[in-house]
Amino acid sequence: MQSQEDQGKDRDKGLLEAALFLAAKPLSRTKVAKILGDVSLTYVDCLLDELQEGLAAPGHGVKLHREEGKALLQVKHGYIDAVAHLAPHQDIPRPVLRSLAVIAYNHPMTQADLVKARGNKAYGHVQELIERGLVRAKEHGRTLLLHVTDEFLRYFGLSSIEEFRFHIELPSSENEADKMNR
Amino acid sequence: MQSQEDQGKDRDKGLLEAALFLAAKPLSRTKVAKILGDVSLTYVDCLLDELQEGLAAPGHGVKLHREEGKALLQVKHGYIDAVAHLAPHQDIPRPVLRSLAVIAYNHPMTQADLVKARGNKAYGHVQELIERGLVRAKEHGRTLLLHVTDEFLRYFGLSSIEEFRFHIELPSSENEADKMNR
Amino acid sequence: MEQIRIAEVPIDELMTESWEGTLERLTADMDPWDIDIAELAQRYRQYLDALRELRFEIPGRMVLTCSILLRMKSDDLLAACSTDQSDLIEELEEVVEETAAEWDEPIEPEEFSLPLLRRPRRQVTLEDLRLALTAAMTVSRRRAERLIDRMKDDEDEFSFFQIGGEDFADRLRLLFAKIKKLLSGRRVVSFFRLLERGDKEERIRRFFEVLLLAAQGEIDCYQEEFLGDILITLEGED
């Protein structure tokens, strides 16, 4: 028979899984601690470690991604292409993604050039991309020089920016144009 | 070492988990079969059985809900109250939501029946739900007949009232393994 | 004696009030030892009417209370002395309690929960990024093309004002005649009086013609204030 302690831990593990499953945004450790009933952060970390390890095993399609004290469930890289069409929402808004693509393709690139290509809204996109850690900016005369970050490479499962360029050989076929407007 | 067959099955289990994780709507067995690469429905059922059994164990906060050939991951009933606030659009007070659930489940239903089921406070709930555009009321003899609106379906991301019935959680179903296999 | 007005009672209170509470409210201004049953029955009916007007459901026990009150009233009116009112009140209490007991226990359904909405957001794939780049480039190309088109349009518009053609010389002559006519007896004429339609295209064309007449020394133009009206006089009139 299960001890009471085990039962309590099972309940907490279940609660953690339920919370991560439902949350639309990454959950901070302190938020998790609160949901579990004001438990210690050490205990939260312990539960997160166990969950992360468990999901890392083969047979799971979802992994626990942790970053800067926040945790979030994500589809494993190997499966995303096969199931992406099931989720109507993506976590980077389309216009921001377009600006990111232009930066990555021209990497590094000045903010001034980006704005020429993408219009004034690109200033806001750069801010959002910096906040997400996908782009960093360095002063460069009167404008900023934009680079993609290691987090960018990790996010897309790339080993280098060259690999990205290799992947995105620009298509020329007709039906690509339809796809773009999706 | 793992056999090739086991590896293939692990991949399929992972893919199934990833698909169910990303899909906000119930997935049909045929859709799952397609995602797995046009496998047989028997094989899909087998994978679903395994996943369902695995999630039913303590320590999981999510369960597999199956009905009429469709499957959907859901937060286990016992955890809903603790994590509901993390879901988007939880701005309707719980008691009002319960009245809305009763209306939707019995849709259409008279206000008189609602009050029988939910007590006098339901009058106020109906007012609030009408103001939010989730319910509309038509005169019906000496009482009102309550319908949920298209806005209700939109709000909950549902395509029909039947889909809502699929989502409905009855606490008694939690432990009924046979019900799940319908 | 000030009567209780239902319209002044907050809706929430009306809805949640017990039948005893309602009776208390309706008899608040009466002598507890000498309740006017006729008056109370009257008020109770008004109260039910008010509820009906607010489209509230009227619980059966309220209707029952009202009917019993009305019966008490009729008993009262029909030689009341022989009727033992305390019996009636007891009867009222009993029946109302019984009915109310049924009402106070709403049939609790099995508790439903509404679906907990999820908004699963998937991470963006490399393919998404590739399509985003293609789209961005297409948009950027379209923007450049639009810019070139606009510049071409500007050139076309400019050719419309080309100087030297017959029409243009004629137009200048006509305009000068018009200015002279408008100026007869006046010292200055406003630029705006030279316009017929007043749209942007006409204003630009007319302005261009006025500048040419000035350059040819036929007229003088000046503004009294920055960005103000252009005033036109005949050359040498000042």
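Throughout, protein chains are lettered first and strands after them, A, B, ... in sequence-line order, and every chain is numbered starting at 1.
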Quiz item: Restricting to pairs with a member in residues 115-134 of chain A, which pass ring-ring contact (aromatic ring centres under 6.0 Å, His included), not counting sequence neighbours?
Solution: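 Found none.
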Practice problem: Identify which of L20(B), D12(B), L15(B), L51(B) forms the greatest number of heavy-atom pairs closer than 4.5 Å to chain A. | Solution: L15(B)
Heavy-atom distances under 4.5 Å only: say whether [X] touches chain B with side chain, backbone, both or neither.
| X | result |
| --- | --- |
| I80(A) | side chain |
| A84(A) | backbone |
| L36(A) | neither |

Practice problem: Sort out for me which of K9(A), R11(A), K31(A), H89(A) touches chain B most, counting heavy-atom pairs under 4.5 Å. | Solution: R11(A)
Quiz item: Looking at residues at least two apart in the chain, or sitting in another chain, which of them share a ring pair (Phe, Tyr, Trp, His ring centres under 6.0 Å) with H77(A)?
Solution: none
Self-check item: Contact check, side chains of P95(B) and R118(B), non-hydrogen atoms, under 4.5 Å
Solution: yes
Quiz prompt | Main-chain N/O of V62(A) paired to E17(B) side chain as donor or acceptor, under 3.5 Å | solution = yes
Quiz item: Is the shortest side-chain N to carboxylate O distance from E151(A) to R154(A) below 4.0 Å?
Solution: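 Yes, E151(A) and R154(A) are salt-bridged.
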